[in-house]
Amino acid sequence: MLPAITGLSADALVGWLQSAGQPAFRAQQIFEWVWKKQVRSFDEMANLPKALREQLAQAFRITSLDHSQTQGAADTTRKFLFRLHDGRYVESVLIPANPALYGQASDRLTLCVSSQVGCAYGCKFCASGLAGFTRHLDASEIAGQVLAAEQLSGQRVDSLVFMGMGEPLANLDQLLVAISLITHEQSLHLGARHLTISTSGLVPQIRQLAEHPQQIRLAISLHGATDEVREQIMPINRKWPVAELFAALEYWNARKKQKLTLEYILIEGVNDALEQAEILAKRAQKIQAKVNLIPYNKVDGLSWKRPSDNRCKAFREVLRRSGITANLRLEKGHDIDAACGQLRLKQETHEGIIAAPAKQSS
Ligand code: SAH
Ligand code: SF4
């Protein structure tokens with residue numbers, strides 16, 4: 001299988017051109033054809049000599065994603081299912097308006113991007129974690145989701161959240177190549193501040209990303225304000241307990257301008273006690289983070305429930321009284337299994353490629 005040209009950084013493309021005896025300036029033209037004009041074959045790259053187009057076609061494919069299915073209507077949340085070269089599937093969700101949850105403007109088109117097939121972190125409430133880890137996505141498979149979503153929708157994507165399937169910081173090398181492609185000025189040219197990476201709290205990688213020159217936003221899946229509560233539902237907390245996580249977040253704050261976001265799923269009887277809200281408020285205050293409260297989305301096969309609306313609001317009020325910006329998240333795409341935490345390998349399950357332990361609710 002040929003590698004996809006959508007996985008080559010600008011430098012890597014220049015390197016390839018040099019080894020093929022071609023001038024470096026062609027890289028810019030190729031980038032424009034692939035990312036801006038979004039052609040589907042090398043033959044369409046009209047300002048390249050025919051010989052170079054043939055060389056490219058022998059060395060690369062344009063994309064590594066085959067569109068397999070779209071769910072949802074054009075004016076609402078849409079979920080795209082892509083087939084990868086090894087028969088695995090990955091999903092991206094296009095969300096028409098992001099209600100200012102991550103500090104981004106509210107009338108934008110946001111794409112929720114996957115970073116892995118499955119996830120190794122096994123959070124007890126999460127559909128992606130249920131099936132276990134299959135493999136990392138490479139840069140072309142990550143950045144290619146944005147290109148494909150633009151092609152399929154006919155619209156420009158304004159912002160990205162890395163909140164689809166997988167743990168993005170466990171795949172940091174390929175994620176950073178993908179981000180360099182997505183933000184490159186001859187490519188999609190998305191501003192780094194329109195990209196939000198969500199992590200379950202990989203402390204060394206948070207510190208590493210804090211050193212990264214681009215102003216990428218970070219959201220932390222906290223879901224428990226104390227070790228006692230958090231480790232019940234997030235096995236990673238045993239490796240990186242809350243105190244170490246917050247030390248890394250302070251390190252992040254010392255190097256980055258953008259406000260951190262703490263994500264907190266509300267699960268009845270597990271983490272929704274108002275004492276948790278009090279502790280969460282203190283922690284958020286200390287690192288000047290805002291908090292997104294996410295009423296739990298039901299996953300079939302798991303017995304967790306979302307608390308009543310009243311309890312969710314009471315939890316938010318505790319935070320607000322402490323001066324914390326706290327949003328109670330209105331889920332989009334719940335009906336198409338595209339809400340956060342609901343991305344699962346349905347298609348693979350149907351085809352029997354992997355046996356998932358539980359079916360998704362709709
Ligand atoms: N692995 C990363 C990013 C993917 S998960 C992370 O954990 O942050 C994206 C978000 O969806 C996380 O905040 C995750 O905790 C949340 N999520 C997972 N399962 C959920 C569910 N059933 N209901 C609501 N949110 C869920
Ligand atoms: Fe993985 Fe994130 Fe799901 Fe946890 S919440 S299992 S880290 S995708």
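Note that the coordinates shown come from a computational prediction; the quantities given were computed from them, not determined experimentally. Counting convention: from 1, in listed order, for ligands and their atoms alike.
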| query | Where do D43 and K50 land on the salt bridge (Lys or Arg N to Asp or Glu O under 4.0 Å) test, with the steps shown first? | reply | CA-CA 8 Å; D43 245 6; K50 192 161 188 300; over 6 Å; no
| Hey, mind stepping through T63 and T6 against side chain to side chain donor-acceptor pair (under 3.5 Å) and telling me if it holds? | CA-CA 6 Å; T63 174; T6 40; 4.9 Å; no
| request: Test salt bridge (Lys or Arg N to Asp or Glu O under 4.0 Å) on K286 and E250 and set out the steps. | output: CA-CA 9 Å; K286 197 152 177 241; E250 282 177 25; 3.4 Å; yes
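With a 4.0 Å cut-off on non-hydrogen atoms, E167 touches ligand 1 through its backbone as well as its side chain. With a 4.0 Å heavy-atom cut-off, ligand 1 is reached by the side chain of V299 but not by its N, CA, C or O. Of all the heavy atoms of T199, the ones lying under 4.0 Å from any atom of ligand 1 belong exclusively to the backbone.
The option with the heavy atom closest to atom 4 (C) of ligand 1, from among G164, S198, S200, is G164.
A cation-pi contact, defined as under 6.0 Å to the ring centre and within 45° of the axis, links R207 to Y251.
Against a heavy-atom cut-off of under 4.0 Å, H223 is close to the following atoms of ligand 1: 13 (O), 14 (C), 15 (O). Proximity to E263 (heavy-atom distance under 4.0 Å) selects the following atoms of ligand 1: 13 (O). In the vicinity of F125, heavy-atom distances shorter than 4.0 Å reach the ligand 1 atoms 15 (O), 18 (C), 19 (N), 22 (N). Which parts of ligand 1 touch C126 is read off a 4.0 Å heavy-atom cut-off, strictly below it: atoms 18 (C), 19 (N). Atoms of ligand 1 lying under 4.0 Å from at least one heavy atom of G166, given by number and element, are 1 (N), 2 (C), 3 (C), 4 (C).
Excluding waters, the set of protein N, O or S atoms lying under 2.8 Å from atom 3 (Fe) of ligand 2 comprises C126 SG.
Rounding to the nearest 0.5 angstrom, the gap separating the CE atom in M1 from the NE2 atom in H85 is 7.0 Å.
For NZ of K36, the number of neighbouring non-hydrogen atoms (other residues, nucleotides, ligands) closer than 6.0 Å is greater than 12.
Between Q155 and E150 there is no side-chain heavy-atom pair separated by less than 4.5 Å.
Just one residue in the list N237, I279, L280 forms a side-chain contact (heavy atoms from CB on, under 4.5 Å) with T226, and that residue is I279.
Here the two rings, on Y264 and F315, have centers that are under 6.0 Å apart. Here the two rings, on F60 and W16, have centers that are under 6.0 Å apart.
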